[in-house]
Amino acid sequence: MASGLRKGLTSYGDAGFSLFLRTAFIKAMGFTDDALDRPIIGITDTYSDFNPCHGNVPDLIAAAKRGIMLAGGLPMAFPTISIHESFAHPTSMFLRNLMALDTEEMIRAQPMDAVLLIGGCDKTLPAQLMGAASANIPAIVLPTGPMLVGHYKGEVLGACTDCRRLWARHRAGEMDAAEMNEVSSRLAPTKGTCMVMGTASTIACMIEALGMALPGAGTAPATHADRVRLAEASGAAAVRLAKDAVTPQQILTKPAFRNALAVLQAIGGSTNGLIHMTAVAGRLGIAIDLEEFDALGREVPVLVDLKPSGQHYMEHFHWAGGVPRLLRELAPLLDTSCQTVAGGTLADSIAAAELVPGQTVIRSIDAPIHAGGGLAVLRGNLAPGGALLKRSAATASLLRHEGRAVVFDSIPDMAARIDADDLDVTADDILVLRNAGPKGAPGMPEAGYLPIPRKLARAGVKDMVRISDARMSGTAFGTIVLHATPEAAIGGPLALVQTGDRIRLDADARTLDLLVEEAELARRRAEWIPPTPPEGAERGYLRLYLEQVLQADQGCDFSFCRPPG
Ligand code: FES
């Protein structure tokens, strides 16, 4: 099989000429024949002025190049799309699959024997892993790493659990605009990803557990020397993976996904972790069964004491031993024979775990933070395809609750009415948001964290049961039911709910039901009118997206990106 510069020649109908031309052009960069004869390691460059979560990428690329060259390879960095959560309109999830396509095709189009994927902000690592799984050349992941914590008036702050908590205080009239402006300089004090157990940290830890990143890569702070050393080591590992021809499909096995999902439960991770892992697994024809995932949640308790489920931040998790130390606690529940990009098995990573005396961030399996696991899968006539609840971030007294539905028909409808003084709502009601799913919004934005109506917030209400077909940031908290599938925009049951209906949530029984007679639901179904497609839906990427995006239980990937059959 061709390697190095000989891989994937440009089609001129004359292979010799193609290689000659390629060599001539790349020599314009000053490369010698010796350099060009080495294994080529591609490095994705996702640096962007719009993406502070990737602000350390240039330093990581420099260190990775050093590692690649020390191991005898030739590093070649190349740009791909970069996505930051707060700089992606209408929502980053709309662009994840575009980044996956970009990453896959640029890996395939350019001659490289292995690829080092450097990403971090929520959608980037999933997109890169989806692309690499499909391209299936040797690959290793290097997360950019979490930010350090911030401080404000003696309080430790972290993006973005505390962004939401403080914004809720502002909405309740407890903090004024000037104070909010001051605090905005403290919430994200360094480059790197959010330092709570949000989606970025969740995915980074899951990728380490999957075996696709080196031990420590899921947690080391973005700005510490350890992160730079990991970059150098990841570069060297990429050369070894290229020489040994170890492909992602050899590492991303069904047991490896199960290990990663066990870690998702044990870290009280983001609900997005399930969607993204389902998408990556789907690229390899591996189905993530929601019932199996829920059963895993009953078996695996939450062991990591991190916000939003607990108290600490990512740097504390790292110094307590990080993912290898957690895996050591979970070992009896895992398949530790799974291969990793470090060259051994998960058991080897566990054996090398640092044991920190007296640490309290990673609990033992006998003294968990939450006994019941982080995430629960709900079923019922409101979500026949499943819905997700982050139990560990919910209010215990609301986990079994019946209430009157207060329905918002879309995100703009919610924005227009939620703070109205005349909104007919009480703390016992259940807020319902629909048409915010993969096709409905479109892009399934993180609108599932419906704000508490202002008049209730001012009266001291901190949590209510909220249900939607949207997603939620991993940094958010509350009794929030997400990903109701199928979504309302394609006629899912959420489309049939009316304000005043009764809804019953029972998290222990894993049920979510609309207490309306079937005959009445049939009548409403017959009268249902699909929402008008969004502006611009007739062409371009939005058209492709609306035609191809799958539901949450299939990871919201494009149907044509999954393997045939
Ligand atoms: Fe990038 Fe939170 S905004 S990880």
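Positions are given from 1, in the same order as the sequence printed here. The structure displayed is predicted, hence computed values, not measured ones. Atoms within each ligand, like the ligands themselves, are counted from 1 in listed order.
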- Query: With F87, which residues qualify under ring pair (Phe, Tyr, Trp, His ring centres under 6.0 Å), at least two apart?
  - Reply: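 F87 satisfies ring pair (Phe, Tyr, Trp, His ring centres under 6.0 Å) with F50, H84 only.
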Applying ring pair (Phe, Tyr, Trp, His ring centres under 6.0 Å), can you list everything that pairs with H276, at least two apart in sequence or on another chain?
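H276: no ring pair (Phe, Tyr, Trp, His ring centres under 6.0 Å) contacts found.
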Self-check item: Backbone of H151 reached by a side-chain donor or acceptor of R186 within 3.5 Å
Solution: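 Here the side-chain-to-backbone pair exists.
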Considering residues at least two apart in sequence or located in another chain, which fulfil the side chain to side chain contact (heavy atoms under 4.5 Å, CB included) criterion with R66?
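Listed in chain order: A63, L70, V228, E232.
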- Counting only protein N/O/S, how many atoms fall short of 2.8 Å from atom 2 (Fe) of ligand 1?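 Under the 2.8 Å cut-off, the count stands at 1.
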Quick one, H224 with W319, criterion ring pair (Phe, Tyr, Trp, His ring centres under 6.0 Å). Give me CA distance, side-chain angles, the key distance, then yes/no. CA-CA 12 Å; H224 278 207; W319 301 124; 5.7 Å; yes
Q) Are the charged groups of D469 and R434 less than 4.0 angstrom apart, N to O? A)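 Salt bridge between D469 and R434, a charged N being under 4.0 Å from a carboxylate O: no.
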